[in-house]
Amino acid sequence: MEEFEKRYGGVAVEREIQKYWEDQGIYEYRADRSRPLFSIDTPPPTVSGSLHIGHIFSYTQAEMIARFRRMQGYSVYYPFGFDDNGLPSERLVEKETGIRANETSRSAFCDRCIETVRKYEAEFVALWKSMGFSCDWKLQYSTVSRSAQRLSQRSFIELAAAGHAYIKESPVLWCTECRTSIAQAELDARSVDAFFHHVAFSVDGEVLEIATTRPELLYGVVCVLVNPDDPRYSGLIGRKAKVPLYDFEVPLLADDKVAADKGTGAVMCATFGDTTDVEWVSQYGLPYRKALLPDGSMAPEVPFVAGLGVKAAREEIVRLLKGRGLLVRSERITHAVSVHERCGAEVEIVPSRQWYIDVLGKKGELLEAGDRVRWYPAHMKSRYVNWVENLKWDWCISRQRYFGVPIPVWYCAKCARPAFADLSSLPVNPLETAYSGVCECGCTEFVPDSAVLDTWATSSISPMINLDKASEYGMGDGFMPMSMRTQAHEIIRTWAFYTIVKSLYHTGDIPWKDAMICGFVLAKPGEKISKSKGNADLTPQALIDSCSADAIRYWVAGARLGTDTFFDQGEMTELSGRFMTKLWNSSKFVCSHLGDFDPLREPAETKPIDRWIVERTNETIAQAAAFLGEYEAGLARKAIDELFWKDLCDNYIEIVKERLYQPDIYGAEARLSAQRSIYYCLLNVLKMYAVYVPHLTECIYRKGFDRLVGIDSIHLTQWERPAPADAELLAFGEELKAVVSEMRKHKSENGLSMRAEVPSVTIRGSARHEGWFRETEADLAACSHARELVYDLGS
RNA sequence: GGGGGCAUAGCCCAGUCGGUUAGAGCGCUUGCUUCACACGCAAGAGGCCACUGGUUCGAGUCCAGUUGUCCCCACCA
């Protein structure tokens with residue numbers, strides 16, 4: 001038995017233990033068909049900056065599940081990945097280096113990107129390791145790696161061959177800042193102050209007042225609409241409206257989507273002001289009038305404002321309208337606009353040729369797939385359902401960016417028909433490799449596609465990336481669907497949604513059986529932790545250094561699954577610190593009484609109180625396992641805390657202490673009976689806490705338990721699977737605690753020490769437990785220092 | 001505007017199938033220390049379980065509505 005230091009060593013010990021785990025390969029994934037598989041689809045963090053406490057929070061909740069399943073006998077497939085291509089990483093590099101992607105050569109920029117993401121990834125890995133994460137780093141993947149690119153390109157080609165991915169020229173959501181198409185999922189809403197300009201159109205010489213926030217798009221107006229039931233305008237439908245400043249005429253149409261009570265009840269439809277404009281243009285077969293270029297400037301053919309940016313053009317048009325008496329009034333309003341989530345710029349809609357994946361046509365199947373996934377907590381499913389039901393755009397997967405998975409396509413120089421790369425040639429970059437085939441039209445000249453795939457198009461095949469890796473171990477069969485996906489609730493509409501889309505198309509099945517949805521750590525109500533808010537000063541590494549990984553982990557486990565929590569360092573330090581000290585000290589006590597303990601020797605008789613604490617422990621093991629099986633690590637921890645602190649330490653150990661100390665008085669067999677209980681109970685308490693505080697429990701285990709158990713690491717042991725606890729013994733325990741409690745209350749109220757002698761203690765309880773109480777008399781007398789025990793038993 | 005979560009002690013939160021007197025922890029008050037732990041032990045004070053109705057022998061728990069709060073989605077004419 002190793003000596004217990006007076007105090008637990010904290011972070012320094014954690015580092016030693018981490019090294020031990022790594023040297024011993026404790027968490028190594030092994031090809032093993034003898035145990036059931038539990039595979040975890042864990043989120044590859046976007047490499048877009050450093051991690052903060054929020055990441056630690058959600059990743060740790062999932063990590064505890066991995067540990068639990070491992071100790072339940074599962075072969076746990078727990079990889080780690082990085083999502084390290086695409087716009088987020090590009091923006092990080094632009095910010096760090098000051099180099100804009102479009103101001104340097106593409107290959108030079110991509111080299112800088114690789115360099116930067118590798119640097120951050122090394123930092124991430126170091127952080128995860130210092131948190132004691134039990135993933136197998138050999139299973140690590142990166143979405144920019146050759147193998148992930150190969151799988152991603154293959155996915156694209158297969159979906160295109162099956163008709164699920166297609167290319168079309170049409171209006172698309174466009175970020176003029178990032179100069180790329182984006183998808184609906186990348187939109188954020190932002191409330192902005194604006195003017196609702198009431199502009200004078202005219203119909204046969206009469207003024208028709210129309211309110212718009214986008215007068216700069218007047219040149220792009222293709223029709224005017226009113227509600228068919230609006231009596232004010234019933235006479236106008238079917239006539240022509242003249243656009244102010246430009247004086248061309250457009251048709252006047254009626255449509256139900258026009259709200260009579262909004263603005264003036266008459267709407268101008270421009271190409272393209274918003275999503276409704278796109279719908280109307282397609283619904284009524286209206287032409288496209290180009291007003292805006294992809295770089296955010298007005299088209300050269302637009303009179304008055306050619307070449308100006310949107311905002312400048314808007315001011316100029318308003319000035320002109322005002323000057324010509326065509327501006328009736330300007331109303332100040334606050335409204336929501338769509339902005340690009342990555343850069344915050346207002347999103348435009350411009351026509352261009354892009355690749356899409358069909359999702360609008362598959363809403364039914366997607367909703368049905370959502371039903372088959374078990375969501376934890378269950379109500380998180382509504383976010384998925386809500387998103388699918390409100391989809392307005394197919395998933396645009398092409399991005400006019402640089403650092404990403406190239407779209408493996410060339411286009412015939414003559415007929416523009418796409419030619420796909422051969423699957424055996426993947427990954428391929430069409431900009432570097434020429435297409436060697438012949439087009440159906442006979443042409444042999446091809447133009448490479450220069451776009452890259454949406455980052456989500458690759459991260460959404462994480463189950464397939466994992467499958468690919470598992471296959472290297474010969475464990476590919478039966479790998480899909482994976483056991484569970486873990487992620488935060490903010491990316492249900494992206495990562496969870498896209499993964500389900502891809503899985504349905506590729507396998508016809510859901511990607512995973514369970515979805516474990518974690519909450520956030522907020523600085524305070526409604527405020528996310530972020531660098532821009534200046535509330536992310538405390539880095540995770542600094543936090544680990546100051547209060548240890550286990551302290552953070554224990555605090556994380558206090559939160560309910562899916563629920564946001566507020567960061568409170570005081571709570572973390574105090575609560576966790578107290579707990580860890582308590583576990584350390586009680587283990588020190590227990591181990592000091594196990595020096596001569598032989599787990600194989602049975603005592604002549606086992607005291608009822610010793611059997612009770614074993615039953616209580618077994619009861620807790622079952623409760624904790626049930627909660628963890630539902631991903632509720634917090635509720636499980638609460639049940640374990642209750643057993644450990646209250647029943648085991650404050651009651652059981654206090655009551656049997658004298659029997660452990662004084663075998664001369666109470667007998668060696670009686671001592672052995674207690675030894676068996678403290679050994680069994682603390683060992684199993686440690687195993688349960690191993691999920692939460694893996695370093696501390698490992699440290700304690702290796703001081704006093706490894707030689708008795710015969711297994712080197714606590715993390716290689718298994719949780720007990722006890723028979724249902726004996727209800728009668730549990731009831732006896734409650735009565736016993738009540739007797740002790742009453743004795744303590746008497747001493748407390750009379751200002752007596754707990755060691756003070758009292759003339760008598762009354763045993764109140766059920767008559768049917770009298771035998772057990774009689775067998776417990778020595779313990780009761782010893783812990784209460786009573787000269788006499790009197791019985792007052794009810795029925 | 002649509003959807004969802006939450007509302008229980010001063011604070012952060014549990015409360016299972018509807019069932020005795022509503023539960024921890026922090027904080028507060030009081031008492032207790034050689035023999036694992038004062039980062040401890042024991043005791044105590046502290047509740048219109050948001051509000052209004054309903055179902056029921058019985059509601060913190062189930063149903064309907066109201067209010068407050070947070071989140072998701074939409075709103076861009």
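Numbers restart at 1 for each chain; the letters A, B, ... are given by sequence-line order, proteins then strands.
- A/K262 forms no cation-pi arrangement with A/F196, by the criterion of a distance under 6.0 Å to the ring centre and an angle within 45° of the ring axis.
- Both A/G558 and A/T581 lie close to RNA chain B; mapped to their nearest nucleotides by heavy-atom distance, the more 5′-ward contact belongs to A/G558.
- One finds no side-chain N or O of A/K588 lying less than 4.0 angstrom from the OP1 or OP2 phosphate oxygen of B/C37.
- A/D568 places its CG atom 10 Å from the C1' atom of B/C26, with the value rounded to the nearest Å.
- For the P atoms, the distance from B/A50 to B/G10 is 13 Å, rounded to whole Å.
- RNA chain B is contacted by A/W645, A/K646, A/C649, A/D650, A/I653, A/E654, A/K657 of residues 643-658 of chain A, taking any non-hydrogen atom closer than 4.0 Å.
- To the nearest angstrom, C1' of B/C72 lies 14 Å from CD of A/E341.
- Here the nucleotide nearest the side chain of A/M754, chosen from B/A42, B/A43, B/A24, is B/A42.
- Taking atom C1' on both B/A22 and B/C13, the two are 14 Å apart, rounded to the nearest angstrom.
- B/C73 atom P lies 13 Å from atom CD1 of A/I491, rounded to whole Å.
- Using a 4.0 Å heavy-atom distance criterion, A/A259 is classed as a base contact.
- A cation-pi arrangement, defined by a distance under 6.0 Å to the six-membered ring centre and an angle within 45 degrees of its axis, is absent between A/R383 and A/W375.
- The glycosidic torsion of B/C72 lies more than 90° away from 0, placing the base in the anti range.
- A distance of 7.0 Å separates CG of A/L187 from CZ of A/R493, quoted to the nearest 0.5 Å.
- Using a 4.0 Å heavy-atom criterion, one finds that A/F196 contacts the sugar-phosphate atoms exclusively.
- Distances shown here put a side-chain N or O of A/R578 below 4.0 Å from the OP1 or OP2 atom of B/G40.
- With B/C76, B/G25, B/A42 as the choices, the nucleotide that has an atom nearest any side-chain atom of A/K262 turns out to be B/C76.
- Separation of atoms CG (A/D647) and NZ (A/K737) is listed at 3.5 Å; rounding is to 0.5 Å.
- Using the six-membered ring where Trp is involved, A/Y219 and A/Y246 have ring planes that are perpendicular, over 60° apart on the 30 and 60° scheme.
- For A/H379, whose side chain is taken as the heavy atoms from C-beta onward, the closest listed nucleotide among B/A24, B/G5, B/C76 is B/G5.
- The side chain of A/Q184 has B/A74 as its nearest neighbour among B/A74, B/A14, B/C72.
- The side chain of A/N390 sits closest to B/C73 out of B/C73, B/C37, B/C12.
- Classification of the A/W555-A/F57 ring pair by plane angle, with boundaries at 30° and 60°, yields tilted.
- The distance between atom CZ of A/R637 and atom C1' of B/C13, rounded to the nearest whole Å, is 11 Å.
- The pair A/E642-A/K638 does not count as a salt bridge, with every side-chain nitrogen at least 4.0 angstrom from each carboxylate oxygen.
- Residue A/S748 places none of its side-chain N or O atoms closer than 4.0 Å to OP1 or OP2 of B/G44.
- Each of A/E5, A/K588, A/E3 was compared with A/K703 under the side-chain contact (heavy atoms from CB on, under 4.5 Å) criterion, and only A/E5 meets it.
- The nucleotide whose nearest atom lies closest to any side-chain atom of A/S753 is, among B/U33, B/A42, B/C76, B/U33.
- Side-chain atoms of A/E658 and A/H785, non-hydrogen and from C-beta on, never get closer than 4.5 Å to each other.
- Within the 4.0 angstrom heavy-atom criterion, base atoms lie near A/K582.
- If you measure from atom CZ of A/R493 to atom P of B/G2, you get 20 Å, rounded to the nearest angstrom.
- For A/V337, counting side-chain heavy atoms from C-beta on, the closest listed nucleotide (B/C71, B/G40, B/C76) is B/C76.
- With hydrogens and angles ignored, the 3.5 Å screen pairs no side-chain donor or acceptor of A/T271 with any backbone N or O of A/Y288.
- Among the nucleotides B/C76, B/C13, B/A43, the one closest to any side-chain atom of A/F566 is B/C13.
- Listed nucleotides: B/C76, B/A42, B/C73. Nearest to the side chain of A/R744: B/A42.
- A/V385 comes within contact range of no nucleotide atom at all, as no heavy-atom separation falls under 4.0 Å.
- Checked against B/A43, B/C73, B/A14, the side chain of A/K638 finds its nearest nucleotide in B/A14.
- At a threshold of 4.0 angstrom between heavy atoms, the contacts of A/S338 include nucleobase atoms, whether or not backbone atoms are also involved.
- Ring geometry for A/F705 against A/Y679 counts as parallel: the plane angle stays under 30°, on a 0 to 90° scale with 60° as the upper cut.
- Aromatic ring orientation, A/F644 versus A/Y689: perpendicular (interplanar angle above 60°, classes split at 30° and 60°).
- Straight-line distance from the CE atom of A/M572 to the C1' atom of B/G25: 16 Å, rounded to whole Å.
- When the P atom of B/A74 is taken as reference, atom CH2 of A/W387 falls 5 Å away, rounded to whole Å.
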Go ahead and write out RNA chain B as dot-bracket, 5' to 3': ( ) for pairs within the strand, [ ] for ones crossing earlier pairs, | when the partner sits on another strand, dots for unpaired; Watson-Crick or G-U wobble, both distances under 3.5 Å.
(((((((..((.(.....[...).)).(((((.......))))).....(((((..]....))))))))))))....

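- A/G263 comes within contact range of no nucleotide atom at all, as no heavy-atom separation falls under 4.0 Å.
- Residue A/T264 is out of contact with every strand shown, counting any heavy-atom pair closer than 4.0 Å.
- No engagement by A/A194 is indicated, since no non-hydrogen atom pair under 4.0 Å with the nucleic acid exists.
- Note: CD (A/E574) to C1' (B/G40) measures 14 Å, nearest angstrom.
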